[in-house]
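For clarity, every value in this text was computed on a predicted model and none was experimentally measured.
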Amino acid sequence: QVQLVESGGGLVQAGGSLRLSCAASGRPFSSYGMGWFRQAPGKEREFVAAISRSGGSTVYAGSVKGRFTISRDNGKNTVYLQMNSLKPEDTAVYYCAAAPSGSYSSSGLRYDYWGQGTQVTVSS
């Protein structure tokens, strides 16, 4: 069993920055592919970013590429999402997810474990 706990969400003005963290417990963290997803009110969950086991490979949704950076610290069992130049349309609940298979896909179906989410609100 893997437990994921997100933190770092909050209210920020457009153009500002936030750093989300996701702490994992359970299996050795370095064996998971990790991803971030988000869900805005009335919308479907969407992919944001993902990172490979070692952190050497990353993928991003087009809407966040160049503004968001995913990283991980396997020594601290934590994955991060640095969000810069935030826009009101980034407002959502952000979830981290773990794939024990090591996948770092943009498909939520590849992830077996999910955190409870952290709210990010960007005001205009």
Heavy-atom side-chain contact between S21 and K76 under 4.5 Å
no
Using side-chain contact (heavy atoms from CB on, under 4.5 Å) as the criterion, list what pairs up with S85, not counting sequence neighbours.
R67
Rounded distance [0.5 Å steps], CG in D112 versus CD in Q1:
10.0 Å
Could you tell me whether the side chain of N74 and the main chain of R53 form a donor-acceptor pair under 3.5 Å?
yes
To the nearest 0.5 Å, how far apart are CZ in R110 and OG in S101?
7.0 Å
Could you tell me the separation between the CZ atom of F29 and the CG atom of D73, rounded to the nearest 0.5 Å?
8.5 Å
Between the main-chain N or O of G33 and the side-chain N or O of R72, is there a donor-acceptor pair closer than 3.5 Å?
no
Take a 6.0 Å sphere around CD of E89 and say whether it holds more than 12 heavy atoms from other residues, nucleotides or ligands.
yes
Does a side-chain heavy-atom distance below 4.5 Å link V12 with M83?
no
Looking only at heavy atoms, the pair that brings L18 and G8 closest together is CD2-O, 3.8 Å
Any donor-acceptor pair under 3.5 Å linking the side chain of E6 with the backbone of Q116?
yes
Tell me, yes or no, whether the heavy-atom count around Q3 atom CD, taken from other residues, nucleotides or ligands under 6.0 Å, exceeds 12.
no
Over all heavy atoms of both residues, which pair between P88 and A14 is shortest? Give the atoms and the distance, please.
CD-CB, 4.1 Å
So Y32 and V79, do their side chains get closer than 4.5 Å, heavy atoms only?
no
Suppose the criterion is ring-ring contact (aromatic ring centres under 6.0 Å, His included): which pairs have a residue in residues 73-121, not counting sequence neighbours?
F37-Y111, F37-W114
Within the distance-only criterion (no hydrogens, no angle test), does the side chain of T91 pair as donor or acceptor with the backbone N or O of V122 below 3.5 angstrom?
yes
State plainly whether one hydrophobic cluster holds both I51 and V2, where clusters connect Ile, Leu, Val, Met, Phe, Trp and Tyr through side-chain heavy atoms under 4.5 angstrom apart.
yes
Suppose the criterion is disulfide (SG to SG under 2.5 Å): which pairs have a residue in residues 59-116, not counting sequence neighbours?
C22-C96
Which of T118, V120, V48 passes side-chain contact (heavy atoms from CB on, under 4.5 Å) with R38? It is V48
Step by step, would you call M34 with L4 a side chain to side chain contact (heavy atoms under 4.5 Å, CB included)?
CA-CA 11 Å; M34 297 295 297; L4 303 172; 4.1 Å; yes
Roughly how far, to the nearest 0.5 Å, is the CD atom of Q39 from the CD atom of E44?
8.0 Å
Given the rule that I, L, V, M, F, W and Y join up when any side-chain heavy atoms are under 4.5 Å apart, are V64 and F47 in one cluster?
no
Measuring from T121:OG1 to D90:CG, what's the distance to the nearest 0.5 Å?
11.0 Å
How close do N84 and S17 get, heavy atom to heavy atom, and via which atoms?
OD1-OG, 2.9 Å
